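Each chain gets a letter, A, B and so on, in the order its sequence line appears, and its residues count up from 1. Here the structure is a predicted model, which is why all the values come from computation and not from measurement.
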Amino acid sequence: MTYAEAVRDALREEMRRDPSVFVLGEDVARFGGCFGVTGNLWTEFGEDRVRDTPISETAIIGTAVGAAATGMRPVAEIMFCDFLTVCMDQLVNQAAKMRYMFGGKARLPIVVRSPIGGGICAAAQHSQSLEAWFAHIPGLKVAMPSNPADAKGLLISAIRDDNPVMFFEHKVLYSSKGPVPEGSYTIPLGKACVKREGSDVTVVATSIMVNHAVAAAADLEKDGISVEVVDPRTLVPLDEDTILASVRKTGRVAIAHEAVARCGFGAEVAAIIAEKAAGSLKAPIIRVGAKAVPVPFSPVLEQFVLPGKADITGAVRKVMAA
Amino acid sequence: MFRQMVRIRAFETRVGELFAQGKIPGFVHLYIGEEATAVGVCSNLKPSDYITSTHRGHGHCLAKGGDMKAMMAELFGRKSGYCKGKGGSMHIADVDIGILGANGIVGGGLTVAAGAALSAKMRGTDQVTVCFFGDGASNQTTFHEGLNIASIWNLPVVYVCENNLYGISMHQSRHQKVADVADRAGAYGIPGVTVDGNDVMAVYEAAKEAIGRARAGDGPTLLECKTYRWKGHFEGDPTLYRSVEELEEWKRRCPILAFNGRLLEMEALSPEEAASIQSGAEAEVEDAVKCAAESPFPSPEEALEDLFA
């Protein structure tokens, strides 16, 4: 099953289970979603529960907030995460704040699904990875599945969660395939996955960089370097224990995400390791991320700016040599 | 309705005094002069109906049935306040009686109200949502996106613009070309109605029709109530942007005095009853102030609670 199908499978399972779950967003019904994720869900659930909206990101999130506060469980799709910038008030000042500033009296079970990432020559306004913006805001949870099985299990957990969850799907991963269990199952938010065990270096990687890290680890193994790959799966809540346990085992760390390295989530992970496991470190922590420019159009430029397998391989060699 | 208007005036007057004495921290934005709007609209609502409110929300909250003691305690930052001291004046909410929150962001509630109305429609209830906002908010994205989505989905929501003539310091004539915000309803294919927002009966009748339309499944209405805030944008605002004469003119059109006069004329209320309502409201406010002042502050560690469900 592909990653896109796994997301759709999760939506279908939850819509069948719970009549308060509904999907809204631009072109999610007849068109099936910009990346085909919502497919033909509307034929089973109708256009009331698979709801096309105008091109109005603020209204998509705002109506999701109002619906969630009054008993529904909306799953909103924002076509590209770049467009989340259009509805930041509704996410940051409304969705993230309401429960807290009302003294814990409201429940806001909202999922905002949005594709992140470059790699398809979509240029600067359709290729960003903005997860760190949302991880910075108390009141939002942030999920970043790296494979189909995780996508399905994490999305079902996100839909059942009574809080706003930002669910970032990598657009290059949509066509990637992997085994996905049938029926309903959950992967808890806040539980990391050790994708590959190793003893020399820990690579903490998110989303598509997990795949690059696993591929880099296979290459490095030939040179006798044993790499452990940890996928946090959710940035908020963050499974610090699994990351720190791995760091204490290997003593060396590289952190990889596709977002710009500066002020990226990797900085947070590096700081946590420095605060809580500095004594275990045999070498300085290295971060791998995009260069600090907008994502350019030409494939040559895009590949230069975005990190990939070679950057992780290089980072691991550097941390081993330190 | 008269009693509710008097309660709001008494509450706001006392809050203004307490703020000046330094007993209420933060900002307060008072509703004095606009009482007829909240009361005229909310008198048509059931407890199960929803409202979204603004940063000038005390009047809406009281008119929708909010608890005065919990409101005052919140303004004092106490544990017994509506939001356990985490929200303050700009964020009072009582989801149990449909108050989906005051809002510190101008226009923040306009799409949220559409969402509450969508939810009622999808759940098959007859609940109506009323969204209060100001003339200033009618220039925000949320106004246009909210009214558009409410109209295409035929949602049971009434958009109530309290046109008090000022967006903070900017007179309405300087921040928009239209004289009547209700004219903008035409852009969304929904009815737009303008009424004298200082005439509680006129507001009541117009709101009754709009809320009835919404409840019957006939979709949203944009109702504009022309009114005026007597105080500055916030307490402490020196209001250098408007003339004393303008303020005096509007004070002569006090919604409470006007309604009182009308009720006396109709012999629906005696001067003694009016005086008793006034003193009753003042006593209720004093009781709320006493309760609030005697309530404990939250412990600092409580700041870490209530983030996630």
Side-chain angles (χ1 to χ4, degrees), chain A residues 19-22 24 47-49 51-74 76 86-90 92-110 137-141 161-165 189 236-237, chain B residues 50 52 74 79 81-88 90-96 98-105 107-123 125 127 129 131 140-142 144-150 152-153 155 157 298 302-303 305-309:
Chain A
S20 68
V21 177
F22 72 103
L24 75 167
E47 290 177 82
D48 201 38
R49 289 181 71 198
R51 187 169 279 266
D52 276 334
T53 65
I55 302 172
S56 303
E57 286 80 11
T58 296
I60 294 168
I61 303 301
T63 49
V65 169
T70 55
M72 300 296 284
R73 303 187 91 86
V86 177
C87 46
M88 284 302 269
D89 168 62
Q90 304 284 308
V92 172
N93 293 322
Q94 312 297 335
K97 302 292 192 289
M98 274 173 79
R99 179 180 174 79
Y100 183 81
M101 72 188 184
F102 295 173
K105 281 195 213 115
R107 287 187 316 150
L108 290 165
I110 301 167
I137 301 299
L140 297 175
K141 297 186 179 181
D161 199 284
D162 278 336
N163 303 288
V165 181
L189 306 179
V236 183
Chain B
Y50 300 113
T52 63
E74 187 59 32
K79 189 178 166 64
Y82 255 129
C83 313
K84 305 182 201 166
K86 295 192 175 89
M90 283 191 283
H91 304 301
I92 292 175
D94 188 346
V95 178
D96 295 338
I99 301 171
L100 300 180
N103 210 308
I105 306 294
L110 282 137
T111 55
V112 175
L118 171 65
S119 159
K121 188 171 177 169
M122 290 183 80
R123 287 182 287 110
T125 75
Q127 292 163 292
T129 302
C131 173
Q140 287 275 27
T141 305
T142 46
H144 303 286
E145 293 195 15
L147 265 69
N148 186 56
I149 215 160
I152 59 168
W153 290 348
L155 299 179
V157 58
E302 286 173 51
E305 297 171 0
D306 298 321
L307 183 62
F308 287 125

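The most heavy-atom pairs under 4.5 Å with chain B, out of A:Met98, A:Lys97, A:Lys141, come from A:Lys141. When the candidates A:Ala67, A:Ala96, A:Pro74 are compared by the number of heavy-atom contacts under 4.5 Å with chain B, A:Ala67 comes out ahead.
Between A:Asp162 and B:Ala309, the shortest heavy-atom distance links the atoms CB-CB, 3.7 Å. The nearest pair of heavy atoms linking A:Met72 to B:Ser119 is CG-OG, 3.5 Å. The minimum heavy-atom distance linking B:Asn148 with A:Pro54 is given by the pair ND2-CG, 3.7 Å.
With a threshold of 4.5 angstrom between heavy atoms, B:Leu118 approaches chain A through side-chain atoms but not through N, CA, C or O. Contacts between A:Ser20 and chain B at a heavy-atom distance below 4.5 Å are absent for every atom of the residue. In this structure, chain A has no heavy atom under 4.5 Å from any part of B:Leu110. At a 4.5 Å heavy-atom cutoff, B:Asp94 makes no contact with chain A through either its backbone or its side chain. With a 4.5 Å cut-off on non-hydrogen atoms, B:Glu74 does not touch chain A at all. Contacts of B:Ala114 with chain A are made by both backbone and side-chain atoms, with heavy-atom separations under 4.5 Å. At a 4.5 Å heavy-atom cutoff, the contact between B:Asn103 and chain A is made by side-chain atoms alone.
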Practice item. Check step by step if side-chain contact (heavy atoms from CB on, under 4.5 Å) holds for B:Arg123 and A:Thr70. Key: CA-CA 10 Å; B:Arg123 287 182 287 110; A:Thr70 55; 4.0 Å; yes

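Residues satisfying the salt bridge (charged side-chain N to carboxylate O under 4.0 Å, His left out) criterion with A:Asp48, sequence neighbours excluded, are A:Arg51.
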Name the atoms and distances for all side-chain donor-acceptor pairs under 3.5 Å in residues 56-66 of chain A, with sequence neighbours left out.
residue : atom : partner : partner atom : Å
A:Thr58 : OG1  : A:Val86 : O            : 3.1
A:Thr63 : OG1  : A:Ala59 : O            : 2.6
A:Thr63 : OG1  : A:Ile60 : O            : 3.1

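In this structure, the side chains of B:Val95 and A:Arg107 stay at 4.5 Å or more apart for every pair of heavy atoms. With a 4.5 Å cut-off on side-chain heavy atoms, A:Lys105 and B:Lys84 do not count as touching. No side-chain heavy atom of A:Phe102 sits less than 4.5 Å from a side-chain heavy atom of B:Leu100.
The distance from the CG atom of B:Asp306 to the CZ atom of A:Arg99 is 6.0 Å, given to the nearest 0.5 Å. The line from CG of A:Leu189 to CZ of B:Phe308 is 10.0 Å long, rounded to the nearest 0.5 Å.
Counting non-hydrogen atoms of other residues, nucleotides and ligands closer than 6.0 Å to CD1 of B:Ile152 gives a total above 12.
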